[in-house]
Peer 1: 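Here it is, the structure, as structure tokens.
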Amino acid sequence: QVQLAESGGGLVQAGGSQRLSCAASGPTFSRLTVGWFRQAPGKEREFVAATTWRGGGTYYSDSVKGRFTISRDNAKNTVFLQMNSLKPEDTAVYYCAGRFTSAISTREYEYAYWGQGTQVTVSS
């Protein structure tokens with residue numbers, strides 16, 4: 001069983017930066033492909049970024065490409081989402097999710113493990 005827990009959310013001004021962390025329990029973390037999703041008020045949850053279990057493969061949604069960076073430290077069982085040049089439209093609850101395959105997916109139903117989410121609010 002894998003458990004994921006996000007941290008690092010909070011209030012930030014537009015143009016600022018914030019780093020989210022996703023800490024995982026369990027000895028098989030290094031085999032997890034991990035994705036970040038977000039859900040804004042009144043909207044469906046959407047894919048943000050993902051990294052393969054070795055960290056060599058990454059993928060971003062068009063809305064965050066060039067501003068967000070996903071990385072992982074398998075020794076610490078943690079995946080990070082560095083968010084720069086934040087915009088008010090980035091305001092959402094951010095979730096990390098995991099799946100035991102080597103392929104990245106942008107579909108939330110293909111991820112079996114989810115954290116509880118962390119709120120990110122970007123003020124204008």
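Everything numeric in this text was worked out from a predicted model, so none of it was measured.
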Peer 1: Can you find a pair of side-chain heavy atoms, one from Ser123 and one from Leu11, that are under 4.5 Å apart?
Peer 2: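 Yes, close enough: below the 4.5 Å cut-off.
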
Peer 1: Quick one: closest heavy-atom pair of Thr52 and Arg72, and the distance?
Peer 2: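 Of all heavy-atom pairs spanning Thr52 and Arg72, the closest is O-NH1, 2.8 Å.
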
Peer 1: Which pair of heavy atoms, one from Ser17 and one from Ser85, lies closest together, and at what distance?
Peer 2: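 So the minimum-distance heavy-atom pair works out to OG-N, 4.4 Å.
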
Peer 1: Using side-chain hydrogen bond (donor to acceptor under 3.5 Å, both in side chains) as the criterion, list what pairs up with Lys65, not counting sequence neighbours.
Peer 2: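 Lys65: side-chain hydrogen bond (donor to acceptor under 3.5 Å, both in side chains) contacts with Asp62.
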
Peer 1: If two hydrophobic side chains count as joined below 4.5 Å and joins carry through other members, does Val93 share a cluster with Val120?
Peer 2: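 No, because Val93 and Val120 fall into different hydrophobic clusters, even though each may have its own neighbours under 4.5 Å.
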
Peer 1: Kindly work out whether a path of hydrophobic side-chain contacts (I/L/V/M/F/W/Y, heavy atoms less than 4.5 Å apart) joins Trp36 to Ile104.
Peer 2: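 Result: no, two separate clusters.
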
Peer 1: Counting only N and O atoms by type, is there a donor-acceptor contact under 3.5 Å from the side chain of Glu6 to the main-chain atoms of Cys96?
Peer 2: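 It does hold such a pair.
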
Peer 1: Can you sort out the partners of Asp90 under side chain to side chain contact (heavy atoms under 4.5 Å, CB included), two or more places apart, ordered by chain and number?
Peer 2: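 So Asp90 forms a side chain to side chain contact (heavy atoms under 4.5 Å, CB included) with Arg38, Arg67, Phe68, Leu86, Lys87, Tyr94, Val122.
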
Peer 1: Taking all atoms of both residues into account, what is the closest heavy-atom pair of Ser124 and Ala14, and its distance?
Peer 2: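 Nearest heavy atoms, Ser124 then Ala14: CA-CB, 4.3 Å.
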
Peer 1: Between Tyr59 and Gly35, is there a donor-acceptor pair closer than 3.5 Å when you use the side chain of the first and the backbone of the second?
Peer 2: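 Not at all, since once roles are kept as given, no pair shorter than 3.5 Å links the two residues.
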
Peer 1: So, the side chain of Gln18 versus the backbone of Gly8: is there a donor-acceptor pair under 3.5 Å, distance only?
Peer 2: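 Here the side-chain-to-backbone pair exists.
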
Peer 1: Once ring pair (Phe, Tyr, Trp, His ring centres under 6.0 Å) is applied, do any residues pair with Tyr113, and if so which ones, sequence neighbours excluded?
Peer 2: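 By the ring pair (Phe, Tyr, Trp, His ring centres under 6.0 Å) rule, Tyr113 matches Phe100.
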
Peer 1: With a sphere of 6.0 Å drawn around CD of Gln116, does it hold more than 12 non-hydrogen atoms of other residues, nucleotides or ligands?
Peer 2: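 12 or below, so no.
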
Peer 1: Measure the OG1-CG distance between Thr51 and Leu81 for me, rounded to the nearest 0.5 Å.
Peer 2: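 Taking OG1 in Thr51 and CG in Leu81, the distance rounds to 11.0 Å.
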
Peer 1: Looking at residues at least two apart in the chain, or sitting in another chain, which of them share a ring pair (Phe, Tyr, Trp, His ring centres under 6.0 Å) with Phe37?
Peer 2: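 Phe47, Tyr111, Trp114.
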
Peer 1: Tell me whether Val2 shares a hydrophobic cluster with Phe80, the cluster being built from Ile, Leu, Val, Met, Phe, Trp, Tyr side chains joined at under 4.5 Å.
Peer 2: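 Per the 4.5 Å side-chain linkage, Val2 and Phe80 are not co-clustered.
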
Peer 1: Counting distance only, does the side-chain N/O of Thr78 pair as donor-acceptor with the main-chain N or O of Asp73 below 3.5 Å?
Peer 2: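 The answer is no, because no donor-acceptor pair under 3.5 Å joins these two groups.
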
Peer 1: Between Ser61 and Glu46, is there a side-chain heavy-atom distance shorter than 4.5 Å?
Peer 2: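 SC-SC contact between Glu46 and Ser61 ruled out.
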
Peer 1: Measure the spacing between CD of Gln82 and CD1 of Ile70 and express it to the nearest 0.5 Å.
Peer 2: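 Output value for this atom pair is 12.0 Å.
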
Peer 1: List for me each residue that meets side chain to side chain contact (heavy atoms under 4.5 Å, CB included) alongside Gln39, sequence neighbours excluded, and say none if there are none.
Peer 2: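 Partners of Gln39 by the side chain to side chain contact (heavy atoms under 4.5 Å, CB included) criterion, ordered by chain and then number, come out as Arg45, Tyr95.
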
Peer 1: Ignoring hydrogens, what is the shortest heavy-atom contact between Leu4 and Ala24? Give both atom names and the distance.
Peer 2: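 Smallest heavy-atom distance, with atoms named: CD2-CB, 3.5 Å.
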
Peer 1: Got a sec, which residues hit side-chain hydrogen bond (donor to acceptor under 3.5 Å, both in side chains) with Gln3, two or more places apart in sequence or on another chain?
Peer 2: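 side-chain hydrogen bond (donor to acceptor under 3.5 Å, both in side chains) check on Gln3 returns nothing, list empty.
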
